[in-house]
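The next block holds one structure in the form of structure tokens; read it before the comments.
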2 protein chains.
Amino acid sequence: MEFFNKVGKVALGSRLRLMTAIITDDAAKIYESYGMHFSPKWFPVFYTLMNEKEITITEIATEIGHSQPSVSKIIQEMIATGLVEESLKSSDKRRNIVGLTAQGWEFSKELKLQLNDVEAAVDGLISESSHNLWAALEEWEHLLEQKTLFKRVNEQKKLRESKDVKIVPFESQYLEAFKTLNVEWISTYFEMEEADYKALDNPKEYILDKGGKIFVALYQNEPLGVCALIKMNDSEFDFEMAKMAVSPKAQGKNIGFLLGQAIVNSAREQGAKKIYLESNTILKPAINLYYKLGFQKVFGLPTPYKRCNIQMELKI
Amino acid sequence: MEFFNKVGKVALGSRLRLMTAIITDDAAKIYESYGMHFSPKWFPVFYTLMNEKEITITEIATEIGHSQPSVSKIIQEMIATGLVEESLKSSDKRRNIVGLTAQGWEFSKELKLQLNDVEAAVDGLISESSHNLWAALEEWEHLLEQKTLFKRVNEQKKLRESKDVKIVPFESQYLEAFKTLNVEWISTYFEMEEADYKALDNPKEYILDKGGKIFVALYQNEPLGVCALIKMNDSEFDFEMAKMAVSPKAQGKNIGFLLGQAIVNSAREQGAKKIYLESNTILKPAINLYYKLGFQKVFGLPTPYKRCNIQMELKI
DNA sequence: TACATTTGCATAACTAGTTATGTAATTGAT
DNA sequence: ATCAATTACATAACTAGTTATGCAAATGTA
């Protein structure tokens, strides 16, 4: 298909569907040419019955990776042709234990011959090709089980968008953003407190003039994230990371991580030994982010905030 | 899937279907996470419209390898969401020329970003795997175009069944088979002639005693094919291959070829220089077989048979 | 110029799967 | 012992494709 070369690998799904159609169409012809009245879609179920002798419908479904209704329908069709019988001995009347009939067993002998031929043909195809389709499918099942395509694409998205994020030092034009972004999330999850208003209304006095820093994340030149590095009173070398806020509409762009990195780098440049932070465990993505940045839980330090129920520290 | 390892490569179709389902399920999630109201199945059509600007439904169908009704339905769905408009200028009123709306073009910009992410994710998967699924699919499309799976399986069947075919010299117990197998095909396509009855009723006198041979093909100990090598009157070293007959129920087991080989080998052992045969061009599989055995057309020799319209010869 | 054939498309009916739902039988918890 | 929860299954309704069919428009041909 010329089309696939044009579109590129995003059409993987379409290409797979086409190949599936080609193969199953031929499968139907193959059964016919062997004089077998057998639908290709019956195969996984029939094969399972050949090996398991007696088994319930749900067991077959999990074995072959189909839905239970799918197996249910297939079994009904095979009963109609006389290959399978149902309601075999079971004390549990919900369960429908099915197995092959004498005719089914007879048929399985013919089927085995055909399977050998098909297997040989597929092996031939594999040996003629330099890329092993069968092995590739097996490998992809594995890789996608470990991390879905969805997750992989989202990682790419984050990566791309984080390239458009610029972390810049605070300027007076970002005064409003610094306050509104913080008020937004704090008042969503908690109540604004006295200490919040102090820092958000007067960042110059409470943060910058005391030797702290504020960083702003710009996405397409709009300030969508902020975070402060505040010098702690007790020690020359201790800082607090606080007032991190990212706009909900900019979530998933890695902004939190980039701000955190900027904070840590800045602290390091200033010769910091420790960075401390306070948070609340209901903010799960934030806590995960802090761990990712290298923070560890600590206990028992005093705090002015009611909402604080977890304290963390990063030793530099 | 444990199942596929048990079953082996005959389940290729099932495995492909499962992988297709996994990929398209994730595709739907991906569009959703980008905030796009877009169904994955629309993609090939939409992509074509992005590149072709204006195009008819049938043209799209051939381009992307779908059926025309499939494209017809997809276009209707996309018109309903406002991405596509139809009935664009055309003097031919049967044709429905479709193209993207302004909204469609707007959407295509977003889509391109997403496509980059997907392509990067798929490339990532390919580089993580040792078997390239994308390349394998492309290769298989090619290989199956050249020779379908159906044909490949049939070749394997022939190969297997020809192993169960034994070619043995004539014995008196095969007298009846020699006649009935020949009468069967001759009277199907032509009329029995005087010369037929002579040879079929008295093979000893007319064939064997004159230094000829008859071979019988046994499949599961049943005589299902016969063929004679007859010494020609004019020369010590010339033979005729005649009275080849294979039962219709044993077709496709390579029996004709095996009989032909036996005849040729026997002639060679007796020091033959030429083998001659007579046939009719309506018997296409037979003529093909003779070519396969190495026979070439010759012209103008006398023959007692009305049904003969082609004469062939193999020089040894 | 008339009429048969071909073309382009929509619609209907089918296929092989899915999810959602209802029901009877069994199991578990008080 | 009773009642809620779970389980096994069938059935219904949906999805994404297919082939079959019918109709109107265009083309080809005598």
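Throughout, a chain's letter reflects where its sequence line sits, starting with A, and its residues are numbered from 1.
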Is the centre of the A:Phe38 ring less than 6.0 Å from the centre of the A:Phe46 ring?
-> yes
Check whether any side-chain N or O of A:Ser72 sits under 4.0 Å from OP1 or OP2 of D:dA10, and answer yes or no.
-> yes
Of all heavy-atom pairs linking A:Ile57 and A:Ser72, the shortest is CG2-N, 4.0 Å
Does A:Thr58 have a side-chain nitrogen or oxygen under 4.0 Å from the phosphate oxygens OP1 or OP2 of D:dC9?
-> yes
What string of B, S and - do you get for nucleotides 16-25 of chain D 5' to 3' if you count protein non-hydrogen atoms under 4.0 Å?
-> SBBBB----B
At under 4.0 Å between heavy atoms, what does B:Thr24 touch on the DNA or RNA strands: base, sugar-phosphate, or nothing?
-> nothing
Please report, rounded to the nearest Å, how far the P atom of D:dT7 is from the CD1 atom of A:Ile97.
-> 18 Å
What's the CZ-C1' distance between A:Arg95 and D:dC9, to the nearest Å?
-> 12 Å
Is there a side-chain contact between B:Thr48 and B:Ile55, using heavy atoms and a 4.5 Å cut-off?
-> yes
How far does CG of A:Leu149 sit from CG of B:Asp26, to the nearest 0.5 angstrom?
-> 5.0 Å
How about B:Glu139 and A:Ser130: does a side-chain donor come under 3.5 Å of a side-chain acceptor?
-> yes
Counting distance only, does the side-chain N/O of A:Arg152 pair as donor-acceptor with the main-chain N or O of B:Leu125 below 3.5 Å?
-> no
